[in-house]
A.B. asks: 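Below is a structure I'd like to ask you about.
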Amino acid sequence: MAAGTPTLLILRALGLGDLLTAVPALRALAAAFPDHQRVLAAPPALWPLVARIGPDRDRVPTRRERAVDRLLPAPAWVGPHARPAANAVPALPTGATAVNLHGSGPESHRLLLGTDPARLLAFAHPAVPESSDGPPWASHRTEHETARWTRLLRHYGMPADPDALDLPPPPLPDRLAAVRGATLLHPGAASAARRWPVERWGTVARAEAAQRRAVFVTGSAAERRLAERVAIAARLGRGAVIAGETDLVTLAAVVAVAGRLVCADTGVAHLAAALGTPSVVLFGPTSPAAWGPPANRPRHVVLWQGRTGDPHADHADAGLLAIAPADVIDALAPLPT
């Protein structure tokens, strides 16, 4: 960007699912601030997907078309009691516009105010007078995450479509050609509260294999052992485990070509929604009204027993455990193949 170009600083320093639910807002900001250098404060690992967000849902954007021009490395601040360090985001040129897509404040508001912006676009918080012109925050029980951030931008006069979630699929490496049309099982999740038991994953995998569908188990490198346990429970070959063998973009490519996905309430569920892959998503302690796939997309099925609990607990949520393998198998049956 040329010297003197105004800066737009966007804070969304969270994980994969958080990034993907913010795609409509990032697109709206790019359209509203075309002459600004748009800087996203987020974890560096997300940049390969951030760079694929552009105005066209079916085409990878050119460098000039990207919704975000560069990423400002920031730690993943998660949890209701997170306290980001005051110096986590360095000062930007005076006159920057700061947008809080991270939370309701006051901590995240003050973090952005510490960059000395000319203007803060954020939800109103009584402890932060500079946010008083923002709209009120709504409970996660009543507002979906994508709708929340597009509502914020519409409040400030920017057109924003909460359904603009789709991303162009990345190319699939030749070594993973066998996953085309396969069923993906993704047993991992950030917390034990959202992890369905291994034996149940095995039951679902065996049912899919009985329908002559190839089955692969995905996950991060840290989830490799969990994926192997699922494969053993399902009596799948070791080649069925690809957990730890894909980076973020390759995982997206795998999800894009799969026939269907079964996962918990985690980031890969949002990949399926962004890439149009049929999915069954198992919810436990949190409501799908806030984090589930869009209700207007019939390719995605949510299973939830209507209970809520602690999403950060160190044991499987009772509501999640109330979902039986038969429920998942029945939900998979009508999905397109």
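The analysis underlying the following values was restricted to heavy atoms, covering all of them including side chains, and did not include hydrogens, waters or symmetry mates. Since this is a predicted model, take the numbers as computed values, not measurements.
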A.B. asks: With no hydrogens and no angle check, just 3.5 Å: does a side-chain donor-acceptor pair link T21 and E145?
C.D. replies: no
A.B. asks: Return the minimal non-hydrogen interatomic distance between V215 and A205, and the atom names on each side.
C.D. replies: CG2-O, 3.9 Å
A.B. asks: Less than 4.5 Å apart, any side-chain heavy atom of P288 and any of H300?
C.D. replies: no
A.B. asks: Is R206 paired with E199 through a side-chain N to carboxylate O contact shorter than 4.0 Å?
C.D. replies: no
A.B. asks: Scan L275, L172, L184, T277 and name whichever one has a side-chain contact (heavy atoms from CB on, under 4.5 Å) with V257.
C.D. replies: L172
A.B. asks: Looking only at side-chain N and O atoms, does T218 offer a donor or acceptor that is under 3.5 Å from a partner on H186?
C.D. replies: yes
A.B. asks: Any salt bridge (charged side-chain N to carboxylate O under 4.0 Å, His left out) involving residues 157-177? Give me the pairs, sequence neighbours left out, ordered by first then second residue.
C.D. replies: R57-D161, R57-D166, D163-R297, D166-R297
A.B. asks: Could you tell me if R52 sits above the aromatic ring of W47, with its cationic atom closer than 6.0 Å to the ring centre and no more than 45 degrees from the axis?
C.D. replies: no
A.B. asks: Between T150 and T146 (side chain of the first, backbone of the second, donor and acceptor by atom type, cut-off under 3.5 Å), is there such a pair?
C.D. replies: yes
A.B. asks: Any salt bridge (charged side-chain N to carboxylate O under 4.0 Å, His left out) pairs touching residues 214-225, not counting sequence neighbours?
C.D. replies: R224-E228, R224-E245, R225-E228
A.B. asks: Could you check S131 against R110 for side-chain hydrogen bond (donor to acceptor under 3.5 Å, both in side chains), going step by step and ending with a plain yes or no?
C.D. replies: CA-CA 10 Å; S131 68; R110 290 171 179 155; over 6 Å; no
A.B. asks: Tell me the salt bridge (charged side-chain N to carboxylate O under 4.0 Å, His left out) pairs involving residues 298-317, sequence neighbours left out?
C.D. replies: none
